Amino acid sequence: MEKPKNSHESESVNPSNNAAVVKRIQTRRYYVRKNVKQNKDINDNLSSDKVAESIGYIEASTRSNENNTPTSNINSLSGFQETKNRPTQIKNQILVRSSPGPLGLATSTGRIIGKPRISNKNFASFRNAFAAKLPPIKIIFLGGLNQIGKNMTAFEFEQNIIIVDCGMAFPDGEMLGVDLVIPDFTYLEQNKEKIKGLVVTHGHEDHIGSIPYLLKKINIPIYSAPLTIGLISAKLKEHRMLGNAKLNSVKAGEIIKLGCFDVEFVHINHSIPDAVALAIHTPLGTIIHTGDFKIDFTPARGEMINLARFAELGKEGVLALLADSTNADRPGYTSTEKGINESFEHLFERAEKRRIIVATFASNIGRIQQIVDCAVRHGRKVMFSGRSMINYVSISCELGYICAPKDVIVNIDELGKYPANEIVLITTGSQGEPMSALYRMAFSEHKKVEAGPNDFVIISANPIPGNEKMVGTVVNGMMKLGCEVIYESMYEIHVSGHACQEELKTMQGLTKPKFFIPIHGECKHLKAHAAISRSMGLESSKIFVGETGDVIEITENQMKKTSTVPSEMIMVDGIGVGDVGSVVLRDRKHLGQDGLIVMVTALNIKEKKIVAGPDVVSRGFVYVKESEGLMHEARKTASHAILSCFEQEIFDWAIIKTKIRDDLCKLFHDRTRRNPVILPIVMEIRK
């Protein structure tokens, strides 16, 4: 077997029913040996293999062959070898590292044939005998709890840490001027020598958006499915960081080894291809992290979720389940993507001779493929608008996730070459974002597209909570231009990518976790998911509803919160990261609400004179031409404040500025009941 080049390199194998259990046992064997030496209650001369043998965990023949020659476990994941009394369980193992993959990325592939036979009874005996000796597993929530977005979780066992997802969140209405919000990496920076890698569940911004900012602090290897790796690559390229990144493509069904963790990728359904859940096999047991998922029996692309593997994991034993809670307050099942096809067919027929403009999420590759397929059936050309849309589509076409006949997809620069009834324009802006392509079309600001009565607009997305007003603004703008607009629930033109209540019950029923932690959602979503778990018989003491920054420890029989880690909202404004805090936001809000007054004057301290000014400049407070009386009164007030300081022999600049600010503040509040930001500028003139 080739030796890994560094401690972060992974081994990848296809899982069998008990492969994860066997690997877990091998890891525990180390702790058995360790504890045998330390525990005086166990015979000092008793080896760990004999202890395991004594409870029926392994056969004596597994440690030697017919000739009593010691066997090597170098080529066996578990150390099990062929014996006289038992057929060969592990026949072959192939490991390949760093083979060329899509976009020139490193990949890890391999396979394991056979299923080691270990009885659940014997395994349970071994686990109960020694699990109490193992240290707890820590789960550190760095994002994704009590909020939508910024998903990030770390798993720690002794000197090993793995990170799952590294997403960003969009700023709310109070974060004026902020571009995005990223997690607080303080804990990870303090423990960077323990980190073995970052594993990403899928390619949405709330799961990959903060990766460039993390890699600027800690350059760790990243593991994910091919499409997700492609999207991460494009993001790192924008930040000029692709050259130093350690990107590894892993397919669903494979296992990677990161320190003492074996991370298994399990195929799921979501609104983007190549989404996976993670079965994290640890020395204490298996922890399942679902990522964002839904159960779709007829997905628009690819296979349905691998429910069989979740059932197998549940049968083997699941220590803890961390599950998506975004739709936990919605009863029933999430609709299938296939149901949208009929709606698009009907709408394309209704559009007749008009140009069709479809707004959707750039990351919803399956939806984009459905629109392309419908355009092909109706003999239309497909064009794309919006930077993020073009980026996602380019990568998806390169990797084969979006397919279309030759010459169907054309550049938007060729818009004028085709009649309106032969065009489908797919664009960003389904959430009414002010800088999006659809918004610019609605207000006649788009450089290449001029919307009008000949356009049939379909918004194939539901507004994210809080975006309803912005979406309404865009819809109204398009209608004023004469467009016909189909939006929200007028037709079935959008389905969620997240599981509703019955699907969440299915996931918990299959995995049968000992402990449960709802993740990915606001407080109402987490509480609703916890209630679902209790309704299925799980005790409240085994359910944890936490907040970002919480640290919990899980042992074989207990889960509890032990501490917290720094979890501030790190705001990104332009190229500045973290330099905008609560004080700056308060000032921006103050400026936005009440405006700014700048008072400028020049003084001769020696002669105790006002040489120039005071001049008063108003921005966002009052219209100066209509408020000359107030401005004149403000100048008199400032002059009086300065002269009163001179009379009291006060020449300190800070005290003079404070006196001016206080007197003007009182004046403006008395006259207008408003409190603008007042900025005195005092200059000294020396003769």
Side-chain angles (χ1 to χ4, degrees), residues 142-145 147-153 163-171 180-183 198-214 222-236 238 252 265 267-278 289-294 296 299-302 305 322-327 334 337 359-369 386-396 399 401-402 428-431 433 436 460-465 467 494-499 519-522 525:
L142 301 173
L145 297 186
Q147 61 186 161
I148 299 296
K150 201 159 68 77
N151 299 298
M152 191 177 195
T153 309
I163 306 167
V164 175
D165 292 333
C166 185
M168 45 79 66
F170 292 104
L180 54 96
V181 183
I182 64 175
L198 166 64
V199 185
V200 184
T201 57
H202 64 280
H204 281 157
E205 287 292 321
D206 58 336
H207 294 258
I208 68 171
S210 295
I211 289 178
Y213 303 98
L214 175 64
I222 301 173
Y223 303 88
S224 194
L227 177 61
T228 308
I229 288 292
L231 297 174
I232 294 172
S233 299
K235 185 170 292 293
L236 294 178
E238 289 182 8
F265 286 56
H267 173 69
I268 58 170
N269 298 132
H270 190 40
S271 56
I272 187 172
D274 269 1
V276 295
L278 305 173
H289 187 296
T290 67
D292 290 347
F293 83 101
K294 68 176 180 178
D296 194 339
R301 182 180 179 85
I305 184 174
L322 285 69
D324 176 21
S325 307
T326 307
N327 278 351
T334 304
E337 290 283 347
T360 189
F361 293 109
S363 60
N364 199 336
I365 306 303
R367 184 74 45 76
I368 293 171
Q369 181 67 65
R387 185 173 63 88
S388 60
M389 177 68 72
I390 292 172
N391 287 342
Y392 270 84
V393 170
S394 298
I395 294 168
S396 300
L399 297 177
Y401 290 91
I402 291 181
T428 56
S430 62
Q431 297 303 304
E433 306 95 316
S436 66
S460 181
N462 291 333
I464 295 172
N467 289 351
H494 178 69
V495 296
S496 175
H498 301 270
I519 56 173
H520 299 178
E522 297 174 350
H525 304 124

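All values below were derived from every heavy atom in this structure, side-chain atoms included, with hydrogens, water molecules and symmetry-related copies excluded. Computed from a predicted model, the values in this text were never measured in an experiment.
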Discussion item. My understanding is that only residues two or more places apart in sequence, or in another chain, count here; which of them pass salt bridge (charged side-chain N to carboxylate O under 4.0 Å, His left out) with Lys294?
Written reply: Asp296, Glu337
Worksheet entry | NE2-CZ distance between His520 and Phe293, expressed to the nearest 0.5 angstrom | 11.0 Å
Worksheet item: Minimum heavy-atom separation for Gln431 to Ala461, with atom names?
Response: NE2-CB, 4.0 Å
Fill in: Partner residues of Ser388 under the side-chain hydrogen bond (donor to acceptor under 3.5 Å, both in side chains) criterion, sequence neighbours left out
none
Item to complete: Establish, from distance only, whether the side-chain atoms of Tyr401 and Asp274 form a donor-acceptor pair under 3.5 Å.
Response: yes
Response to the item:
OG (Ser430) and CG (Asn462) are apart, to the nearest 0.5 Å, by 9.5 Å
Worksheet item: Does a donor on one side chain sit under 3.5 Å from an acceptor on the other, for His204 and Asp292?
Response: no
Discussion item. Test of understanding: with ring-ring contact (aromatic ring centres under 6.0 Å, His included), list the residues that count as partners of His498, not counting sequence neighbours.
Written reply: His270
Discussion item. Any carboxylate oxygen within less than 4.0 angstrom of a Lys/Arg side-chain nitrogen, looking at Glu238 and Arg387?
Written reply: yes
Worksheet item: What is the distance from atom CD1 of Ile182 to atom CG of Leu180, rounded to the nearest 0.5 Å?
Response: 7.0 Å
Worksheet entry | Pairwise distance OG(Ser363) to CD1(Ile368) - rounded to 0.5 angstrom | 8.0 Å
Worksheet item: Just by distance, do the side chain of Asn151 and the backbone of His207 share a donor-acceptor pair under 3.5 Å?
Response: no
Item to complete: Indicate yes or no for a side-chain donor-acceptor contact from Thr228 to the backbone of Ser224 under 3.5 Å, with no hydrogens or angles considered.
Response: no
Discussion item. As an exercise, state the distance from CD1 of Ile272 to CG of Asn364, rounded to the nearest 0.5 Å.
Written reply: 8.0 Å
Practice prompt. Measure from the side-chain N and O atoms of Gln147 to the backbone N and O of Gly144, and report whether any donor-acceptor pair falls under 3.5 Å.
Written response: yes
Worksheet item: Taking the side chain from Ser460 and the backbone from Thr360, do they hold a donor-acceptor pair closer than 3.5 Å?
Response: no
Fill in: Polar contact flag, side-chain donor to acceptor under 3.5 angstrom, Ser271-Arg367
no
Fill in: Nearest-0.5 Å distance, OG1 of residue Thr326 to CD1 of residue Ile148
5.0 Å
Worksheet item: For Thr201 and Asp165, does a side-chain donor sit closer than 3.5 Å to a side-chain acceptor?
Response: yes
